[in-house]
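Below is one structure; the comments refer to it alone.
Chain letters run A, B, ... following the sequence lines, proteins first, then strands; residues in each count from 1.
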Amino acid sequence: MDYNILIGGEAGQGLKTTAYLLGKTIFRNKYHIFTTKDYMSRVRGGHNFIKIRFSDEEVKGPKDDLDLIMALNEETIENHLGDLKNEGILLAEREVEDIKNSVLVRAKEIAKEINSKGVNSVFIGAFLQTIGFDLIEAKKVIDEYFAGDKNKVEDNLLLLEKGYKSCERIENMEMNEFDESEERLYLDGNQAVGLGAASAGVSFYAAYPMSPSTGILNYLATHQKRLSIAVEQAEDELGAINMALGAAYGGGRAMVGTSGGGFALMNEGLGMSGVGEIPLVIAEVQRPGPATGLPTRTSQGDLNFVINSSQGEFPMMVIAPKDQEDAFYQTFRAHNLAEKYQIPVIILSDQFLADSSSDIKKINLDKLEVKRNLYFNSEENEDEYKRYKLTADGISPRAYPGSLENDTILVDSHEHNEYGRVTEDIELRNEMINKRENKLNKLIDEDLKEAEYYGEKDIDYLLIGWGSTYGPILEATNKLINNGIKVGFLSFNDIWPLPKTKLKNWAEKDVKKIVIENNAKSQFSRLIGSELQIKIKNKILKYSGRPFSGDEIYERIMDEVVNDV
Amino acid sequence: MMFKEREITSWCPGCGNFPLRKTLKESFNKMNLSYKDVVMFTGIGQAAKMPHFLKINGYNGLHGRAIPPAVGMRIVNPEIKVIVESGDGCSYGEGGNHFLHNMRRNLDIVHLAHNNQIYGLTKGQASPTSGTDMRTDVQPEGVTAQPLNPLRIALSSGATFVARSFVGDREHLAKMIEKAFKHRGYALVDVLQPCVSFNKINTYKWYSERVKKLDNHDKNDIEAAFSKAGIWGDEIPIGVFYEDEREIFRDHFPWLDNDEIISNREIDPSNMEDLLTEFQ
């Protein structure tokens, strides 16, 4: 089964809470789940909706046609009824003619008698009855969510039951059964990045609030006491990145988070991390630009900006997580790599990944290892400490103030000599540029992750994607294969430096390549063109600020490539 | 006598940075500090090159961004003394927002702002503190904007130690630096100094004739401090204008002190198991 519901309402109607309670209930009923948020950049009014897709098999992206609509307002009915399947269910405060399964939910009326703020709990109860769930998990979820507020818990539980009893059963879903030993987590992409950073021992996180990256800031601020770390809301993004650099210079693990506009302001600080060889992890959660753009929507439009950012030349790495699980592991990995190579590492996420929740395999923390690459006392020699010692692989011993008994540590934004002191010496300048570049060469040899390939060896079409489009493209790939198309999918995670081997191999074969991206200019094919001289003609692009669905990619590939003869 | 000046600098002969460097070195040595005890954050400008010319833990960062890295440093290591040292352009112009908000935070630092009322490194343009009508290559008709008053801004933004000194009076400067180091909280010392190459108005002679030590002043009275900070002209008061105590930035993170200081911590991800429960 593969069931897709939409909850719609205006900002301020408690949509987020409703979706959370429902999502968690479905998750606790042991279904695989994928939740996407579509909201406007406003605090009240407008039209927002959340889609929850659940299945007994893994789901990795949104779906367009709907099995059920929960309409918290009239606009939801008007906007989305067209996507409802023939047998689909509409839960609303009025009945709609011509809809076979139109279920009247007298939510306001019922809530008024108990707690007028609990309207949505009536709806949740009605939903659970309609599709055939029992109330056991929903009650636990409500109890946990409103924990500490006895009245709220009681009111909402009561309204849940009233809603449940107020309508009739249409579907007969029961608690799903998957392997008990396989524990799972339900979280969104921002939480996954935050959890990854926390597990990696991030000691300082600074940010200026900016959609859609603020979830990371929220997560870490909520847990800073427990983690015994510091989270600071900076006066601006310039402050945030430079604060973080100071923490890393001082021996901490530092991170900042922002979206494209804030990242533009952080650019000079990025260069400081590069030339100063100060490890730093930056989460850039993309939204559509330019300038203010569409603040709450999604985009992969910052790719070329990010990999080319800041003046001058210096090594850095850019990783684009492919889903919520990957967002955790890549953030953890980013911290280790930033410290191993003493470079900035950018996690290039986007609103689709950040705001979507899914169930992932429980993280095995025991298997993770933190590698810091710090240098303490100068045992081996008595000479003055050289922060930028010229070494074969370019990596110099990184000490921090207080870690050396009788010496000082100097970092510098100018070109500098091995001691960190400003220099304009020709030979030293060349050596320092080469030293920093050598670190990147080592990274490519030892740590760069090749693109992953899904599919058979013998194919006619190769789909190419990067980052968060992974789920929808994978779904489209499977659908194409099931429909007899010989297709494979090459998914990029590490995008800078660009992993080249697999792509080069495919380029030599007689295969039609199709790049799929959430931007207008196909920035990834531009990157492939400049790095590998491979020209890609077929592009499936979307730049409306909305994410791809698997069905949509499938159809566009059929229309624009396969059947376009 | 741990702290030493380096022989080579890029400063002009007679630069006000020399007496400041000498005073700093002597103060560190007098306070018996060792290398491990102190770190200096600077931005860009001639003043900001200090850690290249005085052996000290140093972070010579970006223009205008001398203060923010000190915030991060304060978090990871609460024991080390932190100096921010930069010119008037870096501290009050390019870095103005950080100046404001870190005084609000009452960040525990000593901020030595070399104020020579001119841009030296870029060869003589107006700075935020240049006097009205000062003519430069870029302001041939004279500076039109009103000079910024760093002391009044500091007083109204929450700095808890606000002082001014003059490099021509090294004894006074040493006193101010030592008091600033003893202070717990944001200690701003606006240090008047001439730029011998580019500022032909505010010279050693010009300052010497005007500076006057504050007397009959109650440094706990913010109104009095604000009033004295407005005096600039034939007389320029120097000394401690204001001193107060309130919680410092680091005090708002008491949980950090239940553990080893951050820079010395071991990290073990297997201790994070409890973080997973909220997602189950």
Side-chain angles (χ1 to χ4, degrees), chain A residues 183 185-187 191 195 198-201 203-204 206 223-226 228-230 232 234-236 238-239 242-254 268-269 272 276 332 362-363 365-366 368-370 372 400-414 420-422, chain B residues 2 6 10 34-39 41 44 49 51-52 55-77 79-80 97-98 100-102 104-105 253 255-256 258-259 261-276 278-280:
Chain A
E183 288 184 85
L185 307 173
Y186 177 57
L187 77 183
Q191 289 169 327
L195 184 65
S199 305
S203 42
F204 183 70
H223 295 286
Q224 61 174 337
K225 268 185 174 173
R226 147 68 185 91
S228 193
I229 64 166
E232 183 66 4
E235 53 274 18
D236 50 37
L238 303 152
N242 286 286
M243 284 177 187
L245 289 168
Y249 165 66
R253 274 200 155 180
E268 198 187 18
M272 178 71 208
F332 187 91
K362 191 182 169 195
I363 287 146
L365 293 163
D366 296 336
L368 300 173
E369 197 187 340
V370 166
R372 300 220 49 198
Y400 57 86
S403 78
L404 302 182
E405 258 330 301
N406 286 306
D407 215 331
T408 56
I409 297 107
L410 178 61
V411 297
D412 190 14
S413 66
H414 301 88
R421 295 202 289 274
V422 51
Chain B
M2 192 168 226
R6 297 195 188 276
S10 56
S34 72
Y35 289 143
K36 287 178 74 163
D37 301 328
V38 62
V39 58
F41 290 90
I44 294 298
K49 286 190 181 143
H52 298 283
K55 187 173 166 61
I56 188 167
N57 283 319
Y59 179 111
N60 183 186
L62 299 167
H63 190 46
R65 320 294 160 222
I67 306 172
V71 176
M73 186 74 208
R74 262 283 157 256
I75 289 295
V76 298
N77 186 341
E79 289 153 18
I80 205 161
N97 206 27
H98 311 305
L100 291 184
H101 292 279
N102 284 295
R104 286 179 54 222
R105 288 188 178 97
F253 301 89
W255 55 87
L256 292 177
N258 301 334
D259 235 316
I261 66 166
I262 282 173
S263 51
N264 298 335
R265 277 187 205 168
E266 292 284 328
I267 305 166
D268 181 0
S270 62
N271 294 336
M272 307 291 178
E273 196 67 29
D274 60 300
L275 292 180
L276 305 183
E278 73 176 284
F279 302 119
Q280 282 175 323

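Heavy-atom distances place both the backbone and the side chain of L256(B) under 4.5 Å from chain A. Only the side chain of E232(A) comes within contact range of chain B, with heavy atoms under 4.5 Å apart. Contact of N264(B) with chain A is made through backbone and side chain together, with heavy-atom distances under 4.5 Å. In this structure, chain A has heavy atoms under 4.5 Å from both the backbone and the side chain of N97(B). For A230(A), the parts lying under 4.5 angstrom from a heavy atom of chain B are both the backbone and the side chain. In this structure, the portion of R6(B) lying under 4.5 Å from any heavy atom of chain A is its side chain and not its backbone. Only the side chain of L195(A) comes within contact range of chain B, with heavy atoms under 4.5 Å apart. Residue contact with chain B, scored on non-hydrogen atoms closer than 4.5 Å, is absent for A248(A).
Highest contact tally toward chain A, considering only I56(B), L276(B), N57(B), I267(B), is held by N57(B) [criterion: heavy-atom pairs under 4.5 Å]. Interface remark: of the candidates S199(A), G276(A), G252(A), A234(A), S199(A) forms the most heavy-atom pairs closer than 4.5 Å to chain B. Most heavy-atom pairs under 4.5 Å with chain A: of the set H98(B), H101(B), M272(B), this distinction falls to H98(B). Among M243(A), E369(A), H414(A), the residue with the largest count of heavy-atom pairs under 4.5 Å with chain B is M243(A). Note: G246(A) leads G201(A), A200(A), G246(A) in heavy-atom pairs under 4.5 Å with chain B. With chain A as the partner, the residue from N102(B), V39(B), L100(B), I75(B) showing the most heavy-atom pairs under 4.5 Å is I75(B). Between chain A and the residues D274(B), I261(B), I80(B), V38(B), the most heavy-atom pairs under 4.5 angstrom are made by D274(B). Contact tally against chain A (heavy-atom pairs below 4.5 Å) for M2(B), E278(B), K49(B): the top residue is E278(B). The choice from H223(A), Q224(A), R253(A) that makes the most heavy-atom pairs within less than 4.5 Å of chain B is Q224(A). No other option in E273(B), R104(B), H63(B) has as many heavy-atom pairs under 4.5 Å with chain A as E273(B).
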| task | Apply side-chain contact (heavy atoms from CB on, under 4.5 Å) to the pair R265(B) and S228(A), showing each step before the final yes or no. | result | CA-CA 11 Å; R265(B) 277 187 205 168; S228(A) 193; 3.1 Å; yes
| said: Go through it in stages, so that I can follow the logic: the residues are L410(A) and K55(B), the test is side-chain contact (heavy atoms from CB on, under 4.5 Å), and I'd like the CA-CA distance, side-chain angles, deciding distance and then a yes or no. | reply: CA-CA 9 Å; L410(A) 178 61; K55(B) 187 173 166 61; over 6 Å; no
| query | Does the ring-ring contact (aromatic ring centres under 6.0 Å, His included) test come out yes or no for Y59(B) and Y249(A), once each step is laid out? | reply | CA-CA 8 Å; Y59(B) 179 111; Y249(A) 165 66; 5.4 Å; yes
| task | Determine, stepwise, if the pair H52(B) / D412(A) fulfils side-chain contact (heavy atoms from CB on, under 4.5 Å). | result | CA-CA 9 Å; H52(B) 298 283; D412(A) 190 14; 3.1 Å; yes
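W255(B) contributes a side-chain N or O that, together with a main-chain N or O of I229(A), makes up a donor-acceptor pair within less than 3.5 Å.
One finds no salt bridge joining R372(A) and E266(B) here, because no Lys/Arg side-chain nitrogen approaches an Asp/Glu carboxylate oxygen to under 4.0 Å. The existence of a salt bridge linking E235(A) and R105(B) is confirmed by a sub-4.0 Å separation between a basic side-chain nitrogen and an acidic carboxylate oxygen.
Taking both residues in full, the closest heavy atoms of G239(A) and P68(B) are given as O-CB, 3.6 Å, listed atom of the first, atom of the second, then distance. Of all heavy-atom pairs spanning I44(B) and S413(A), the tightest one is CD1-OG, 3.8 Å. Shown here for V71(B) and F204(A), the closest heavy-atom pair between the two residues is CG1-CZ, 4.5 Å.
Put simply, NZ on K36(B) and CG on D407(A) are 12.0 Å apart, with the number rounded to the nearest 0.5 Å. Considering OH of Y35(B) and CG of N406(A), their distance stands at 8.5 Å, rounded to 0.5 Å.
With contacts defined as side-chain heavy-atom distances shorter than 4.5 Å, the pair K362(A)/Q280(B) qualifies. Looking at heavy atoms from C-beta onward, M73(B) lies in side-chain contact with P401(A) at the 4.5 angstrom threshold.
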